[in-house]
Amino acid sequence: MQGIGVTGAVSPALLQEEAVAQSAAGVMGPGAVPVTLTLNGKVVKVTVEPRETLLDVLRNNLDVTGVKRVCDRGTCGACSVLVNGKVMYGCSILAIDVQGKQITTIEGFALTNGKPHPVVEAFVNNDAQQCGYCTPGFVVAAKAFLDHNPNPTSDQVKDGLGGNLCRCGTYMGVRKAVLEAARVMKGGSRG
Amino acid sequence: MAEYKWPEMSKRKVMGRPFTRLDGVEKAAGRARYNSDLNKPGMLHAVMVGCPHAHAKVHSIDVSAAESHPGVAAVRVMAPAGTEVQWAGYEVAAVAATTEIAARDAAAKIRIDYEVLPHIVNEADLKKVQSRAKAAGEQIEGDPDQAVKESGIVVSEGTYGIPTLQHSCLESHGNVVAWTPDNKVEFNPSTQSVTSIRADVARALNVPAANVHVHQDHIGGGFGSKFQPDRWGVESAQMSKTAGGKPVKVFLDRSMEQVIAGCRPSGFATVKMAAKKDGSITLWDSQSWASGGIGGGGSPPIPYVFTKIPNQRKLHSAISLNTAPIRAWRAPNHQQASYLTCAPMEDLAAKLSMDPLDLFLKNVQLTPRADTYERQLKKAAELADWKKLWKPRGSQTGSLRRGLGIGVNTWGGAGHDSTCRCNIHADGTVEVELGSQDLGTGTRTIISQVAAESLGLHLSDIKVKIGDTNYPPSGTSGGSTTVGGVSSSTRKATLNALDKLFGEVAGALGSQPDQLEAVDGKIQVKGTPSKSLTWKAACQKLGVKSISETGSNVPKEAAKEGLNTGGVGGVQIADVTVDMETGVAKMNRLIAVQDIGLVINPRTAESQVFGACIMSICGALMEERIMDDITGRMLNADMEYYKLAGIKDIGEIIVHIEIDEQNDKRGVIGLGEPPAVGGIAAISNAVSNAVGVRVPTVPMTPMHILNALNGRKS
Ligand code: FES
Ligand code: FES
């Protein structure tokens, strides 16, 4: 009954498959190694240790800070990123494991020439944020959810966003925001 | 001299309207920079080593291997040999290095020998912690011994407990700090008090306050736990100095955050209550205890709200535990007091075979604001459909049982010390500057609403600047005093500035300054739109000058001015369903009726109440710190076993904020805390109503519910 866990986030099976594929590249580390990431459509190169998470590399090495580090172990969703269009917890993936994948962070879609993405706009319209620390993670998760479920019921929204936590208690706004964004993304009206 | 009172409710154009928050897009788009997001050039990362024992003496500490670890710039011993550590997690040493990973690896090389000493970390059983109990002395009102003997009274007795909770701010505690060789300190904390933390840092580092600059744009949650620079703030500054002034970033990792960066005291009580057959309460007799860590502490104000019970005996003990110290928590001691009062009242009602709603209503005269609570109880009952849905305790059958319960709140609020500066420039630009902070409550937004209202402008015409010690001082964001303080100071500063502008343009309008008004983007002769200048044209008259005026809210004088006051009440009703086989309690609805003064932004106000209700749901159903008797450590110092509610767990929340002329006349009050108080009591009462027995220990987890159903002690 509690919306806590890895719902809708990192799929262990998926990561396992990927780890097998990775091993072809040979063993890396333990020191820093060159890593090439495809981040928000651009190729970026960093030198990091194999044990570093995608989250830490984004925040510490690439100054991509819309992803937040909160629980740091796959519970809260504040670090949500899209990997090949699927939402994953950045704290629970190693940077070296997502080379060659399309990584999208909040920075990659939230604003286009200053214009907010419909999910962002809906979060603002419905006051689905207070301190805002969880919010980028929610927006990423909501976008991915709507990409896969364009016509959600409100019960599906509650399941689909169950992998994100908010301490300020913005869930009432989030529920409304996701439904509004679904309407707007299909060309409907806000209300 | 400007007259500062608020414009009449019906005449306001910007205040009172549900604008979306000003920093909404920036935050939702991930562009808002919290200080934990800072990456400054040359920045070092610091981590700390915490003591693994709940009570120990540091014998020796060897940092040499850490010091020679590649990338390490500074190592600090925070608890030198001989230090007696009183709780697990206590900071013993810190390391700053060029990367976070290097700092962690180096920290792991620090060798510390401890002499382990005996500890006590759990206080639920008072008998077992007598050696750590400090009694506060008996308090007596009326004649409790006689009251219990009166003929025809009904007596109810029970023992109740509410645990220690962890603040669990999503942005952990910490800061980026640079202490440069010119003895200047740049401090970027995650704080609820930009202004006062400067003085704290200056004192701790022995640097003149004028040399300390604090800046914070956003804070990722505080809830009462982020007022001080903390030991890590001071040590990271020292490490910056050692490293020649390089910025040092320290933000606690999650396990440390959960253990040492803030918790609320527990509350336990054995309570005897008595009432006449008609429900009039005659007696309160409690033996209570609570712990706030090693210093004892935590004293819930009981009986809560129903303070005028004629006969009372109270005996309270503070229990010293080897656990991290408490910090202020959104409405300190009030949730505990509300639970420890409303739960015994619900039990008394059950004993009297009375509807608890009737018992609460019957006794509103025992509260300091009978009219308010009577009105709110009725409103909440109406919204909850109480009369139709409530069933007497124990009257249900089947495995899914629905229950309703009541909790009440009260709070002070009012406005803190705050000064605002309003600058009007010749190009028409308006800045309002305050050394305040927006905790996510919408402070920026309400400040600009007040300024726009005063100046007859739009929200977008106002540039709000907060979060910096270069701006005038504002108080800490605690006690729900921010909105009262900053709205009042902003009102005064903007009107003072407007007065100056009137003086500059009166001649051009062929009028006197006191005959002018600012409406709809114009300065005009009162009631004469034909004699006006646009805002821009009026400001152009300033030539090379600009206007810069301040205004202050002085708490002692605020009530006289009428801009802000304090003192509210509220009622919550919970509606839950409990599965008798699994012990799982599920929220159906939580109804919150809240008395509040003038509301500047009903949208963000409603969000505050939603958030407060959700925090209550977390506290009522899930959250508890679990301490291990054997190791003395917190077992759930993370976010998977320290549970918070998710989006699916909260049911529906129905908010009724009493926005009306009568409340409005009281001025601004502050809303962050009161609605966070009564929910836990309401939910636990609803559970007891559903299952037919008192579940004495919060949270209402399956374990506690099944224990109560099976007559086991937890
Ligand atoms: S930080 Fe990754 S799930 Fe919480
Ligand atoms: S808005 Fe503060 S944690 Fe979600």
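Every value quoted in this text rests on a predicted model; they were computed, and no experiment measured them. Residue numbers start from 1 in every chain, and the chains themselves are labelled A, B, ... in the order their sequence lines are given, proteins ahead of strands.
Atom OG1 of residue B/Thr445 and atom CG of residue A/Asp127 lie 8.5 Å apart, to the nearest 0.5 angstrom. Here OG of A/Ser154 is found 7.5 Å from CD of B/Glu652. Values are rounded to the nearest 0.5 Å. With rounding to the nearest 0.5 Å, the separation of CG in A/Asp155 from NZ in B/Lys648 is 7.5 Å.
Chain B forms more heavy-atom pairs under 4.5 Å with one residue of A/Val157, A/Val67, A/Thr135, A/Asn125 than with any other, namely A/Asn125. Listed options B/Ile650, B/Leu170, B/Ile614 were ranked by heavy-atom pairs under 4.5 angstrom with chain A; first place goes to B/Leu170. Of the listed residues B/Ala612, B/Gly220, B/Gly24, B/Ala28, the one with more heavy-atom pairs under 4.5 angstrom with chain A than any other is B/Ala28. Looking only at heavy-atom pairs under 4.5 Å with chain A, the residue among B/Asp438, B/Asp105, B/Ile617 that has the most is B/Asp105. Chosen from A/Gly169, A/Pro136, A/Gly173, A/Ala78, the residue pairing most often with chain B at heavy-atom distances under 4.5 Å is A/Gly169. Among A/Met172, A/Lys158, A/Glu121, the residue making the largest number of heavy-atom pairs under 4.5 Å with chain B is A/Met172. Of the listed residues A/Pro116, A/Ala128, A/Gly132, the one with more heavy-atom pairs under 4.5 angstrom with chain B than any other is A/Gly132. For the set B/His167, B/Gln258, B/Arg330, the entry with the most heavy-atom pairs within less than 4.5 Å of chain A is B/His167. Of the residues considered (B/His45, B/Lys249, B/Arg603), B/Arg603 shows the highest number of contacts with chain A, using heavy-atom pairs under 4.5 Å. Ranked by heavy-atom pairs under 4.5 Å with chain B, the first of A/Cys131, A/Gly137, A/Gly66, A/Gly77 is A/Cys131.
Residue contact with chain B, scored on non-hydrogen atoms closer than 4.5 Å, involves the backbone and the side chain of A/Val120 alike. The contact between B/Leu439 and chain A is made entirely by backbone atoms, counting heavy-atom distances below 4.5 Å. Both the backbone and the side chain of B/Ser607 come within less than 4.5 Å of a heavy atom of chain A. For chain A, the nearby parts of B/Ser168 are the backbone and the side chain; heavy atoms of each come within less than 4.5 Å. Residue contact with chain A, scored on non-hydrogen atoms closer than 4.5 Å, is absent for B/Ser255. Interface residue B/Cys618: only side-chain heavy atoms are found under 4.5 Å from chain A. Proximity to chain A involves both the backbone and the side chain of B/Ile653, based on heavy atoms less than 4.5 angstrom apart. Neither the backbone nor the side chain of B/Glu26 comes within contact range of chain A; no heavy atoms are under 4.5 Å apart. Of the atoms belonging to A/Arg51, it is side-chain heavy atoms, and not backbone ones, that fall under 4.5 Å from chain B.
Within 6.0 Å of the NZ atom in A/Lys186, the count of heavy atoms belonging to other residues, nucleotides or ligands exceeds 12.
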Open item on the list: The test is side-chain contact (heavy atoms from CB on, under 4.5 Å); show your working for B/Ile647 and A/Val174 and say whether it passes.
Closed with: CA-CA 8 Å; B/Ile647 193 166; A/Val174 173; 3.7 Å; yes
Task: side-chain contact (heavy atoms from CB on, under 4.5 Å) assessment of B/Ile101 paired with A/Asp56 - done: CA-CA 10 Å; B/Ile101 227 164; A/Asp56 285 354; over 6 Å; no
Open item on the list: Run the side-chain contact (heavy atoms from CB on, under 4.5 Å) test on A/Tyr133 and B/Asp37 for me, step by step, so that the C-alpha distance in whole Å, both residues' side-chain angles and the decisive distance to 0.1 Å come before the verdict.
Closed with: CA-CA 11 Å; A/Tyr133 212 70; B/Asp37 295 332; 4.3 Å; yes
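The closest side-chain heavy-atom distance from A/Leu111 to B/Val25 is below 4.5 Å. Side-chain atoms of A/Asp72 and B/Asp253, non-hydrogen and from C-beta on, never get closer than 4.5 Å to each other. In this structure, A/Cys71 and B/Glu640 have side chains that are not in contact, with every pair of non-hydrogen atoms separated by 4.5 Å or more. Two residues are said to be in side-chain contact when any heavy atoms from C-beta on lie closer than 4.5 Å; B/Thr99 and A/Glu49 fail this criterion.
B/Arg31 contributes no side-chain N or O that, together with a main-chain N or O of A/Ala110, makes up a donor-acceptor pair within less than 3.5 Å. A side-chain donor-acceptor contact under 3.5 Å links B/Lys27 to the backbone of A/Gln130.
Salt bridge absent: B/Glu100 and A/Arg59 never bring a charged side-chain N and a carboxylate O closer than 4.0 Å. Salt-bridge check for A/Lys68 with B/Glu171: failed, with every basic side-chain N at 4.0 Å or more from each acidic carboxylate O. With salt bridges taken as basic N to acidic carboxylate O contacts below 4.0 Å, one links B/Glu623 and A/Arg167.
In terms of heavy-atom proximity, A/Tyr171 sits nearest to B/Ala645 at OH-O, 2.6 Å.
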